[in-house]
Each structure stands twice: as C-alpha cells, then as structure tokens.
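All remarks here apply to the structure that follows.
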Amino acid sequence: MRIGYPCINNSIGCTANHTFRLASYSRKKLLDTVKENLDCLKKTLGWNLEHGIMFFRIGSSLVPFASHPVCKVRWQERFSDEFRELGAFVRKHRMRISMHPDQFIVINSKDKGIVKRSVKELEYHSQVLDAMHLDITAKVQLHVGGVYGDKESAVSRFVSEYKKLPAHVKRRLVIENDERCYCLKDCLGISRKTGVAVLFDSFHHECYNKGESFRQAVGSAAKTWKRKDGRPTVDYSSQKKGRKKGSHTVTINTKHFLGFIRETKGIDPDVMLEIKDKEKSALKAVEALRKKGKKIR
DNA sequence: AGTTGTCAAGCTAGT
DNA sequence: ACTAGCTTGACAACT
C-alpha cells in the first residue's frame with residue numbers, strides 16, 4: 001500500500017505547476033517553464049522518497065498549453081532525457097504516478113469541439129507518462145462528465161467516445177465516481193460496457209451513493225482492475241466541517257482515515273489523499289498507518 | 001514587496 | 001442571473 005498526495009508540495013519551496021498566460025506564450029517561455037517544472041518535479045519525488053510517500057499525482061500544467069493549438073514545441077523530444085530520468089527514478093523506487101485532467105475535460109459533451117479538445121488533453125496526459133517510460137499502472141483518472149438532463153444518453157455518448165480513443169490513452173484511462181453526477185454504480189455500469197477500470201473516490205461516494213458500504217464499494221471497484229493495471233488506487237478525503245457538501249477537509253481526520261483503511265483490508269489499494277494541506281496530511285497518514293503496524297512502501 | 005483581479009477550457013446545484 | 005465547488009493555484013498588473 002502506498003500513500004500519496006496531489007500535484008504540489010508546499011514544504012519544498014518550488015512547484016512543478018508553473019504556467020503563464022496564453023497571451024504571453026512564446027517558444028522560449030514554454031521551454032523555460034517546462035524545464036523549471038521538471039526540475040521541481042524531480043525535487044518533489046526526492047522529498048517524497050525521503051518521507052516514505054510513494055504515490056504522487058503530477059499536475060496538469062507540467063507542460064502548459066501542451067494540447068493547445070498554440071503549442072508547436074515537440075516537448076517530449078526536447079525533454080526526453082529529463083522525462084526518462086524521472087521515470088527511471090520512479091521505477092527504481094517502485095513509486096506510483098497518476099494524473100487527473102481537470103474539469104474542462106468532458107468526452108461525453110454534446111459539443112463536438114469540447115470532445116475534440118478533451119481527447120487532445122487526454123493524449124497529452126498519456127504522453128507525459130509515456131515520456132517517462134512508465135508502465136500502464138501509471139493511470140490518468142477522469143470523471144465521466146456531464147448529464148445534460150438525460151443520463152442514459154450521456155452514458156452512451158461516453159461509451160462510444162471511449163471506444164474511439166487512441167490505444168495509448170485507453171490503456172491508462174480509469175474513471176472515477178463523482179459527488180453529483182455519476183456514482184460508483186454508474187461507473188461500474190460503464191466499466192461493464194467498456195472494460196475501463198473504476199477508481200473509487202471515498203469522499204465522492206459519501207456525497208453520492210446507492211447505499212453501498214465502503215467495504216462493498218472498494219471491493220467492487222477493485223474487481224474492475226486487471227493485473228496489468230496494477231494495484232487498484234483510490235482517492236480519499238473527508239468533508240470540511242461547516243462548509244458546503246463536497247468541500248475537501250483542510251487537514252486529515254486521522255480517525256476517519258483509519259476507519260476507511262480498515263474497510264479496505266485485504267484489498268490494500270494505493271491511496272491518494274485529496275486534502276488541502278497536501279504532503280502534511282500524507283505524512284500524518286503514513287505515521288498513523290505505521291503505528292498500526294501497516295507496511296507502507 | 002505585498003496585494004488583488006484574472007486566467008483556455010465545463011458542468012451542476014444552490015442561492 | 002450568479003456563484004461555489006471541483007486538483008484551486010499561479011500569473012501579472014497593480015498598490
């Protein structure tokens with residue numbers, strides 16, 4: 001079992017998420033920014049290793065505007081050495097990497113343009129992991145998308161768009177239950193139609209579910225993962241007190257977390273903590289699990 | 001140097 | 001009609 005956090009480490013004084021305004025795009029600006037981001041990513045993974053955190057989500061702006069028509073730079077080739085080195089580090093230490101395209105990526109949209117741009121963005125995400133020469137256990141996780149007042153049609157659009165995706169995208173793509181539109185049951189239905197693996201999000205499940213316990217839910221999602229997909233991964237968070245339903249907690253609630261982990265016994269997924277204070281909660285989680293005698297790689 | 005409005009992109013529920 | 005929330009964070013123009 002690995003513990004991870006998404007996109008940014010606030011303890012090390014750099015981020016791998018530098019971007020810039022589209023209006024100030026230039027070839028040089030892109031190259032400088034990517035170099036800076038890759039340097040920081042290396043530093044972040046080094047810090048993670050030192051602290052026993054073996055799972056990390058790379059932010060989508062690692063290569064800003066990579067899927068935008070403005071970007072003509074062959075960044076995979078330009079930075080092939082850097083990507084390869086990062087990937088070698090990940091493989092050497094048996095770390096896990098994931099990515100999560102943001103909310104604008106909607107492959108079941110009714111708007112063909114949105115679908116097309118979304119596919120481009122999915123290709124970019126896969127290309128980053130490909131450039132690192134990571135096997136297909138490095139996943140790209142995506143929400144199903146919009147409902148548009150007719151879930152049945154929206155699902156069938158998802159299924160048909162999914163089937164058309166390039167193979168290099170499909171082999172990394174997993175779908176995640178969300179807190180409003182597509183619950184775990186919906187995702188499992190899509191999985192049956194497509195073979196796509198389902199990444200279980202515990203907090204979204206708490207917001208929107210069909211009465212399944214954590215244990216049942218984690219178990220049924222895990223069954224959609226094939227051997228080649230690696231250990232199932234789950235997202236974990238909890239509600240921020242006093243805020244709107246769906247707000248992520250600022251720091252980990254250790255008791256709630258350990259309760260969740262207890263429900264995953266025997267499945268032992270890799271756990272991504274979607275919590276605002278990022279690496280701080282990841283450290284708390286690792287420590288809490290070690291105290292319980294859990295083996296954390 | 002520090003603050004604040006704005007940023008490529010979408011959708012839904014709540015006010 | 002408008003905003004919060006989602007991986008909210010980071011840039012860039014302003015005090």
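Just so we're on the same page: letters track the sequence lines, and every chain starts at 1.
- Rounded to a whole angstrom, the distance from the P atom of C:dA10 to that of B:dG10 is 22 Å.
- One finds no side-chain N or O of A:Asn17 lying less than 4.0 angstrom from the OP1 or OP2 phosphate oxygen of C:dG9.
- With both ends at atom P, the span from B:dG5 to C:dA4 equals 13 Å, rounded to whole Å.
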All N/O pairs under 3.5 Å across the protein-nucleotides 13-15 of chain C interface:
none

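- Taking atom P on both C:dA13 and B:dA8, the two are 12 Å apart, rounded to the nearest angstrom.
- Within the structure, every side-chain polar atom (N or O) of A:His204 is placed at least 4.0 Å from both OP1 and OP2 of C:dG5.
- With no hydrogens or angles considered, a side-chain donor-acceptor pair links A:Glu121 and A:Ser67 at under 3.5 Å.
- Note: A:Phe158 and A:Tyr162 have parallel aromatic rings, judged against thresholds of 30 and 60 degrees for the angle between ring planes.
- Rounded to whole Å, the separation between the C1' atoms of B:dT3 and C:dC6 comes to 26 Å.
- Distances shown here put every side-chain N or O of A:His18 at or beyond 4.0 Å from the OP1 or OP2 atom of C:dG9.
- A side-chain donor-acceptor contact under 3.5 Å links A:His204 to the backbone of A:Asn177.
- Of the P atoms belonging to C:dG9 and B:dT12, the separation is 24 Å, rounded to the nearest Å.
- Nucleic acid contact for A:Lys110: none, since no nucleic acid atom lies under 4.0 Å from a heavy atom of the residue.
- Salt bridge A:Glu82/A:Lys42: absent, no basic N to carboxylate O contact under 4.0 Å.
- Using a distance-only test at 3.5 Å, with no hydrogens or angles considered, a donor-acceptor pair links the side chain of A:Arg96 to the main chain of A:Arg231.
- The side chain of A:Lys276 has C:dC6 as its nearest neighbour among C:dC6, C:dA12, C:dC11.
- A:Lys280 has its side chain within reach of A:Ser11: a pair of non-hydrogen atoms, C-beta onward, lies under 4.5 Å apart.
- Using a 4.5 Å heavy-atom threshold, the side chains of A:Trp75 and A:Tyr124 count as touching.
- Within 4.0 Å of A:Ser118, counting heavy atoms only, lies no atom of the nucleic acid at all.
- In this structure, A:Asn108 contributes its side chain and A:Arg157 its backbone to no donor-acceptor pair below 3.5 Å.
- Summarising the local packing, CZ of A:Arg290 is surrounded by more than 12 heavy atoms from other residues, nucleotides or ligands at distances under 6.0 Å.
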Protein-nucleic acid N or O pairs under 3.5 Å, nucleotides 1-4 of chain B:
none

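- Taking atom P in both C:dT7 and B:dT6, one finds a spacing of 25 Å when rounded to whole Å.
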Encode nucleotides 5-10 of chain B as B, S and - characters from 5' to 3', where the letter depends on protein heavy atoms closer than 4.0 Å: B to the base, S only to sugar-phosphate, - to neither. BBSBBB
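- In this structure, A:Phe65 and A:His68 have perpendicular ring planes: the angle between them is above 60°, well past the 30° mark.
- If you check every strand for non-hydrogen atoms under 4.0 Å, A:Val70 touches nothing.
- Here A:Thr15 lies in heavy-atom contact (under 4.0 Å) with sugar-phosphate atoms only.
- In this structure, the side chain to side chain donor-acceptor pair (under 3.5 Å) partners of A:Arg172, at least two apart in sequence or on a different chain, are A:Asp130.
- With a 4.5 Å cut-off on side-chain heavy atoms, A:Val234 and A:Thr264 do not count as touching.
- Grouped by direct or indirect side-chain proximity (heavy atoms under 4.5 Å, Ile/Leu/Val/Met/Phe/Trp/Tyr only), A:Ile8 sits alone.
- Map A:Glu179 and A:Lys29 each onto its nearest nucleotide of DNA chain C; the residue landing nearer the 5' end is A:Glu179.
- With a cut-off of 3.5 Å on both pairing distances, the Watson-Crick and G-U wobble pairs of DNA chain B assemble into stems of 3 or more at B:1-7 with C:9-15, B:10-15 with C:1-6.
- In this structure, A:Phe200 and A:Phe260 have parallel ring planes: the angle between them is below the 30° cut-off, well short of the 60° mark.
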